[in-house]
Amino acid sequence: MIAFFFIIIYLGPMVLMIIVMCVQIKCFHEIITIGYNVYHSYDLPWFRTLSWYFLLCVNYFFYGETVTDYFFTLVQREEPLRILSKYHRFISFTLYLIGFCMFVLSLVKKHYRLQFYMFGWTHVTLLIVVTQSHLVIHNLFEGMIWFIVPISCVICNDIMAYMFGFFFGRTPLIKLSPKKTWEGFIGGFFATVVFGLLLSYVMSGYRCFVCPVEYNNDTNSFTVDCEPSDLFRLQEYNIPGVIQSVIGWKTVRMYPFQIHSIALSTFASLIGPFGGFFASGFKRAFKIKDFANTIPGHGGIMDRFDCQYLMATFVNVYIASFIRGPNPSKLIQQFLTLRPDQQLHIFNTLRSHLIDKGMLTSTTEDK
Amino acid sequence: MLELRHRGSCPGPREAVSLPHREGEAAGGDHETESTSDKETDIDDRYGDLDSRTDSDIPEIPPSSDRTPEILKKALSGLSSRWKNWWIRGILTLTMISLFFLIIYMGSFMLMLLVLGIQVKCFHEIITIGYRVYHSYDLPWFRTLSWYFLLCVNYFFYGETVADYFATFVQREEQLQFLIRYHRFISFALYLAGFCMFVLSLVKKHYRLQFYMFAWTHVTLLITVTQSHLVIQNLFEGMIWFLVPISSVICNDITAYLFGFFFGRTPLIKAAYVLSKYQYFVCPVEYRSDVNSFVTECEPSELFQLQTYSLPPFLKAVLRQERVSLYPFQIHSIALSTFASLIGPFGGFFASGFKRAFKIKDFANTIPGHGGIMDRFDCQYLMATFVHVYITSFIRGPNPSKVLQQLLVLQPEQQLNIYKTLKTHLIEKGILQPALKV
């Protein structure tokens with residue numbers, strides 16, 4: 001599996017996107033199948049069709065939003081795509097509504113409760129699986145490093161916690177998972193932070209990992225070529241006195257990204273396991289040993305991805321809050337759809353703001 | 001074996017009804033258990049009735065006590081029970097409608113508070129049903145967690161909405177600035193805290209129940225909180241976008257019962273005509289920092305200015321008029337009414353199916369004679385989303401103050417680049433004269 005992972009990284013962002021989508025569909029399938037087994041509802045009229053239909057709708061909605069943002073120029077060129085993207089929300093809502101009406105029409109007298117349970121089950125599964133996978137893809141488009149480092153940190157934490165627990169483990173961590181120990185938890189935390197630092201150091205050097213994925217109009221393909229931002233340029237940091245005496249260095253050259261990677265690794269070690277406990281609790285609640293039997297010896301796809309559950313959301317929120325501001329080209333697009341008087345108002349406000357900041361010098365009369 | 005199972009189940013006379021079936025179910029029905037050596041098998045079997053295939057063996061949940069006020073009871077003591085019911089319903093309907101008008105008069109802020117109050121009550125009703133279905137009222141932590149999640153999600157949504165609309169108010173206060181800038185992160189951290197509390201609160205004997213309640217809470221949040229926030233966004237677009245859809249649904253409810261499809265729509269077109277004349281209803285709600293309150297004053301957009309339309313020939317013959325002056329909004333109101341008539345009822349069927357599935361007569365007994373708040377609002381369920389999607393797709397472009405806000409957050413070099421692009425664009429379009437030397 002690890003070898004597979006490396007091959008896929010080599011193939012590029014488009015393939016990664018497709019892989020994420022397949023993983024998402026398989027996870028959805030596994031959880032829904034568990035629902036069928038729990039409720040013995042495999043023969044329920046229409047329900048299998050409806051679940052897949054809702055999956056399709058929600059995916060269509062999310063992919064449409066992503067595609068519109070990132071492939072703006074491509075979309076504007078093709079007439080049918082332009083119309084689809086302009087009325088995207090309306091079309092998605094209509095599709096969802098059709099599914100909803102089908103559900104209501106399919107309610108059968110003796111099976112109301114069961115059908116409502118499955119409806120609720122499908123929606124919660126969609127909420128978990130599909131939103132996470134789309135946040136993963138957003139992170140991917142921000143730069144492959146934002147996709148690879150978090151996932152690797154979670155995997156590393158899994159493995160390191162197991163190793164530390166194996167060699168040193170004595171105090172159990174939580175009743176839900178009797179095999180996890182405090183020693184494993186803390187050891188895993190430190191090991192993951194170190195691993196994160198090393199991995200980010202290695203990856204920040206390469207443009208193909210660090211640049212946002214863009215669609216190039218001329219070559220009609222994805223390019224990952226850019227001038228690396230400040231985050232990925234080596235900088236000198238002064239080591240605080242305490243550590244200076246230990247290591248004997250005055251300054252260290254690091255990428256600023258490595259500092260962010262400490263935050264990511266910390267989250268992966270501390271909160272990631274809660275995703276694992278959630279999945280363990282779920283398996284115990286529904287009395288299943290593994291989510292499915294897809295991977296021999298490892299269980300289903302969900303078993304591999306349960307800790308990643310919260311990581312993707314965290315990375316996305318982290319990027320949106322601390323790293324990236326709003327997308328300038330998207331803002332220009334929005335600006336161009338406003339009314340002329342609104343455009344003028346914004347333009348003037350921006351102008352006075354820039355003048356205040358000293359970026360512009362004004363010696364003119366106002367229009 | 002029987003005693004063990006019986007001891008494990010919750011007390012209550014209604015359990016006696018389902019006991020014989022449970023025995024049969026447990027004997028034959030452990031096929032979902034796969035391998036884990038779980039000592040919970042016996043105790044979890046009481047969930048057999050929760051997961052049963054058919055509804056027939058599910059005990060009926062008795063409704064809570066009658067809450068008709070004493071005054072009404074005394075005044076109507078002379079009438080027979082059938083008419084009493086009608087009178088109670090009628091009086092409460094009139095009370096609700098007049099309250100509604102009073103609140104409209106008081107303005108958009110009160111309406112927003114009203115929507116919030118309704119949302120909290122709906123959430124409470126649905127969660128209470130969940131507790132009764134699963135007998136989980138005593139589950140550790142769970143009531144706290146449900147309310148906590150409600151608070152988190154509301155905080156997230158209100159933060160997003162409020163920040164947009166009260167940009168000037170927010171700019172002034174330093175602490176609010178910090179909260180706005182890291183809003184998503186703070187909301188996520190709050191949600192995470194709730195999630196971790198849930199995981200830590202998992203108790204050995206009650207895993208399945210806790211997961212059910214967790215899912216029930218989330219689906220309820222998805223339904224009630226998102227809808228209510230879309231309603232508030234519609235409200236801020238202009239009170240008419242709030243009043244006309246809600247009235248459509250209510251009107252459709254009443255008149256579909258009496259007259260059928262066609263008459264459900266005509267009064268709405270007239271209502272749209274009347275409301276479109278007043279700025280109070282038509283203008284987007286804005287917060288003015290000088291006055292420190294909400295104002296609805298503006299130049300009405302083209303949607304709310306009378307235009308003359310030439311009628312197509314067959315209508316000309318019927319109405320014997322060449323032209324008609326309409327507000328363009330009235331044409332949109334036809335779309336809104338059509339949705340309310342055709343799809344709105346599906347929300348009602350969904351709620352009826354839900355009530356039949358869980359064998360309850362009404363969601364709650366909050367309003368005497370009418371049932372709970374959810375009973376009144378079940379048809380509105382999809383309407384709010386539709387109106388919001390309709391507005392964003394067909395009416396309004398992006399919100400200018402939001403665009404401005406985002407512009408001001410960018411790096412100075414990016415701002416300069418954008419400024420230059422905008423300048424060339426505006427000059428091309430002739431909106432800006434090239435006299436500016438900057």
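The CG atom of A/Leu107 sits 10.5 Å away from the CZ atom of B/Arg356 when rounded to the nearest 0.5 Å. Of the inter-residue distances, the one linking B/His218 atom NE2 with A/His123 atom NE2 reads 14.5 Å to the nearest 0.5 angstrom. One finds the CD1 atom of A/Ile355 at 6.5 Å from the OH atom of B/Tyr419 (value rounded to the nearest 0.5 Å). With rounding to the nearest 0.5 Å, the separation of NE2 in B/His388 from CZ in A/Arg89 is 5.5 Å.
Of the listed residues (B/Leu222, B/Ile186, B/Leu192, B/Val219), the one with the most heavy-atom contacts under 4.5 Å to chain A is B/Leu192. The greatest number of non-hydrogen atom pairs below 4.5 Å with chain B, out of A/Phe314, A/Phe277, A/Phe103, is found for A/Phe314. Annotation: maximal heavy-atom pairing with chain B below 4.5 Å, among A/Val317, A/Leu105, A/Ile91, occurs at A/Val317.
Proximity to chain A (any heavy atom under 4.5 Å) is shown, for B/Phe386, by both the backbone and the side chain. The contact between A/Phe93 and chain B is made entirely by side chain atoms (from C-beta outward), counting heavy-atom distances below 4.5 Å. Neither the backbone nor the side chain of A/Ser92 comes within contact range of chain B; no heavy atoms are under 4.5 Å apart. Contact of A/Phe116 with chain B is made through the side chain alone, with heavy-atom distances under 4.5 Å. Proximity to chain B involves both the backbone and the side chain of A/Leu310, based on heavy atoms less than 4.5 angstrom apart. For B/Ser352, no part lies under 4.5 angstrom from a heavy atom of chain A.
Pairing each heavy atom of A/Phe90 with each of B/Val389, the nearest pair is CA-CG1, 3.4 Å.
In this structure, A/Leu97 and B/Phe339 have side chains that are in contact, with non-hydrogen atoms separated by less than 4.5 Å. Proximity of A/Phe100 to B/Phe350: side-chain heavy atoms (C-beta onward) are separated by under 4.5 Å at one or more points.
A centroid separation of 6.0 Å or more is found between the aromatic rings of A/Tyr318 and B/Phe188. Taking the six-membered ring for Trp and the full ring otherwise, B/Phe354 and A/Phe119 have centroids separated by 6.0 Å or more.
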